[in-house]
Protein chains: 2
Amino acid sequence: MRETRLAGRQIHKTDKNFGARTYSTRSLHGQVAHQIGERILRGDIAPGQSLPNEADLSEELNVSRTALREAIKVLAAKGLLESRPKTGTRVRSRDNWNMLDPDVLAWLFADGPNAAASEMLFEIREIFEPSAAAMAATRASKSQISDLRSAYEAMEVAGDDIDASIPADLKFHQLLLASTGNELLISLGSMIETALAANFKVSSAGPRGIVIALPQHKAVLEAIAAGDAVAAQTAVIELLQQARISVATFNAANNNT
Amino acid sequence: MRETRLAGRQIHKTDKNFGARTYSTRSLHGQVAHQIGERILRGDIAPGQSLPNEADLSEELNVSRTALREAIKVLAAKGLLESRPKTGTRVRSRDNWNMLDPDVLAWLFADGPNAAASEMLFEIREIFEPSAAAMAATRASKSQISDLRSAYEAMEVAGDDIDASIPADLKFHQLLLASTGNELLISLGSMIETALAANFKVSSAGPRGIVIALPQHKAVLEAIAAGDAVAAQTAVIELLQQARISVATFNAANNNT
DNA sequence: GCGGCAGATTTGTCATATTATATGCTGATT
DNA sequence: AATCAGCATATAATATGACAAATCTGCCGC
């Protein structure tokens with residue numbers, strides 16, 4: 001009988017993840033998946049390299065082969081692993097990883113501020129969010145606009161309280177993408193949300209460097225409410241410029257890798 | 001002992017999927033995952049609805065509980081399912097689905113031409129591919145440009161041979177995104193590639209409606225080779241306009257849903 | 001040199017038992 | 001009547017052991 005499972009890896013319920021939508025860690029196999037996933041994203045196990053065989057690895061992790069196999073299936077579903085009889089289970093080449101998966105992206109940020117990953121993320125956001133805002137301005141329903149306004153007001157009320165302002169900020173961006181009516185953009189939104197949450201998770205523990213640009217958010221809101229696509233687009237561009245500066249400052253202050 | 005596993009669902013090795021990168025169907029649990037995944041995306045099992053319990057469902061599918069559970073883990077990893085003791089396994093709300101996952105998107109197209117899904121896809125492509133081309137024009141290495149040229153030439157040679165021209169076309173777009181150096185864009189590319197492959201899979205079986213726009217591709221190639229970001233961007237915009245017309249024609253001809 | 005065959009290794013699948021967890025009910029308590 | 005603790009129950013979660021299937025390796029015969 002096993003005494004300690006997953007030795008040295010307790011779940012800290014106090015961890016802030018700001019409600020990010022990631023694979024559940026309630027279950028044992030979920031914990032194993034996260035653990036191995038983080039190792040892969042950190043580069044501890046390089047692409048092409050094989051995991052120990054199931055018998056050895058399950059013993060090493062103090063879990064049954066069943067739990068380990070289910071964890072492996074989760075990671076394989078995200079493109080990280082590939083199993084074959086006799087050959088074993090190996091890490092797939094990086095271009096097979098589904099970086100758009102919220103978990104994968106969260107694991108990429110798990111170690112702390114990551115300048116290269118932040119840059120990728122900003123590039124994507126700068127490509128998408130202005131166009132998305134323009135679409136939202138054209139298509140948002142009254143109730144969606146009302147929800148957006150509520151999220152903005154929550155940000156105003158939250159002020160400097162990071163634990164309240166960050167979720168409101170994330171909510172705002174998610175609602176914006178939802179207003180486009182395009183499900184792919186919505187999924188892209190939760191992916192980005194998770195990545196930002198993973199980033200903020202570290203940031204809120206350290207010195208405060210993140211300042212949410214309220215005026216820019218208000219400009220976006222009002223443009224969408226007015227149905228002005230062009231104004232919404234330019235407002236989001238300004239918002240992202242502001243955010244980029246803020247995050248760069250923060251990353252520079254916290255052992256930027 | 002079981003005679004026929006997964007009754008009525010044989011794997012057709014002759015199916016054309018144009019090398020799309022999806023979860024392996026070699027294994028039994030992989031087949032089960034695809035089968036249930038398609039059912040969910042088709043709407044046979046609505047969000048909020050529960051699957052039969054593991055004992056019943058595994059018996060119904062003629063597989064062991066183990067295989068079924070591993071399939072469920074794959075689907076849960078993609079955000080489609082959620083399992084809890086006592087409650088059972090239920091389909092999550094649609095906004096939790098990771099539509100950016102190649103498998104999920106492929107299942108969305110599995111039934112045949114899907115006008116709504118095609119529209120989503122085009123919207124996304126029109127947002128990011130022009131920007132990606134501009135980035136590629138700035139950053140592509142000599143060898144990447146050379147690869148792009150090879151892919152284009154393969155398209156030229158292929159001509160009307162769909163089985164050769166479509167893979168070359170997909171390769172071209174993938175290489176373009178790879179040239180941006182942004183891993184998120186690359187993943188986005190394989191997602192789109194899979195979706196297009198799923199679409200083409202049907203199309204190549206029916207009457208020919210897809211015509212690859214060679215001149216537009218050549219314009220993109222030359223702009224990138226010349227390092228002209230603006231030209232690359234406009235060339236891609238024209239390319240997508242052409243593609244949109246072509247697909248719309250095709251969808252209209254084949255029981256457009 | 002080469003093709004194929006035998007053996008060994010590893011994942012894949014199965015069956016079964018036990019445990020953990022969530023849910024709803026029941027009945028006591030206020 | 002409402003609330004809450006505890007109990008029963010259904011279900012997934014985990015563990016274990018056995019066997020099957022795949023596939024790589026190297027040897028053997030030619």
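Each chain gets a letter, A, B and so on, in the order its sequence line appears, and its residues count up from 1. Values in this document were obtained by computation on a predicted structure and should not be read as measured data. Just so it is clear, the values below take in all heavy atoms, side chains as well, and ignore hydrogens, waters and symmetry mates.
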Original post:
Do B:L148 and B:K171 touch side chain to side chain, with heavy atoms closer than 4.5 Å?
Top reply: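 Not in contact.
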
Subject >> Validation row: B:R69, A:E70 side chains within 4.5 angstrom (heavy atoms) >> reply: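 Yes, side chains in contact.
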
Answer yes or no: does a side-chain N or O of [X] lie under 4.0 Å from OP1 or OP2 of [N]?
{"X": "A:H29", "N": "D:dA13", "answer": "no"}
{"X": "A:K73", "N": "C:dG12", "answer": "yes"}
{"X": "A:R26", "N": "C:dA22", "answer": "yes"}
{"X": "A:S64", "N": "D:dT14", "answer": "no"}
{"X": "B:T87", "N": "D:dT11", "answer": "no"}

With the side chain of [X] defined as its heavy atoms from C-beta on, choose the nearest nucleotide among [options].
{"X": "B:K86", "options": "C:dC14, D:dA15, C:dA22", "answer": "C:dA22"}
{"X": "A:T66", "options": "D:dT16, C:dA15, D:dA22", "answer": "D:dT16"}
{"X": "B:N53", "options": "D:dA13, D:dA12, C:dG12", "answer": "D:dA12"}
{"X": "A:P85", "options": "C:dA8, C:dT11, D:dT14", "answer": "C:dT11"}

Subject >> Contact nearer the 5' end of DNA chain D, comparing A:R84 with B:E54 >> reply: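 Closer to the 5' end of DNA chain D: B:E54.
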
**OP:** Please list all pairs passing the ring pair (Phe, Tyr, Trp, His ring centres under 6.0 Å) test where one or both residues lie in residues 158-181 of chain A, with sequence neighbours left out.
**Re:**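 Of all non-adjacent pairs touching residues 158-181 of chain A, those that pass ring pair (Phe, Tyr, Trp, His ring centres under 6.0 Å) are A:F172-A:H217, A:H173-A:H217.
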
Original post:
Is there a donor and acceptor pair closer than 3.5 Å between the side chain of B:R65 and the base of D:dA13?
Top reply: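 Present.
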
Original post:
Tell me: CD of A:E59 to C1' of D:dT16, nearest whole Å?
Top reply: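 About 14 Å, once rounded to whole Å.
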
Original post:
What pairs with B:W107 under ring pair (Phe, Tyr, Trp, His ring centres under 6.0 Å), at least two apart in sequence or on another chain?
Top reply: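 For B:W107, the residues satisfying ring pair (Phe, Tyr, Trp, His ring centres under 6.0 Å) (neighbours in sequence not counted) are B:H34.
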
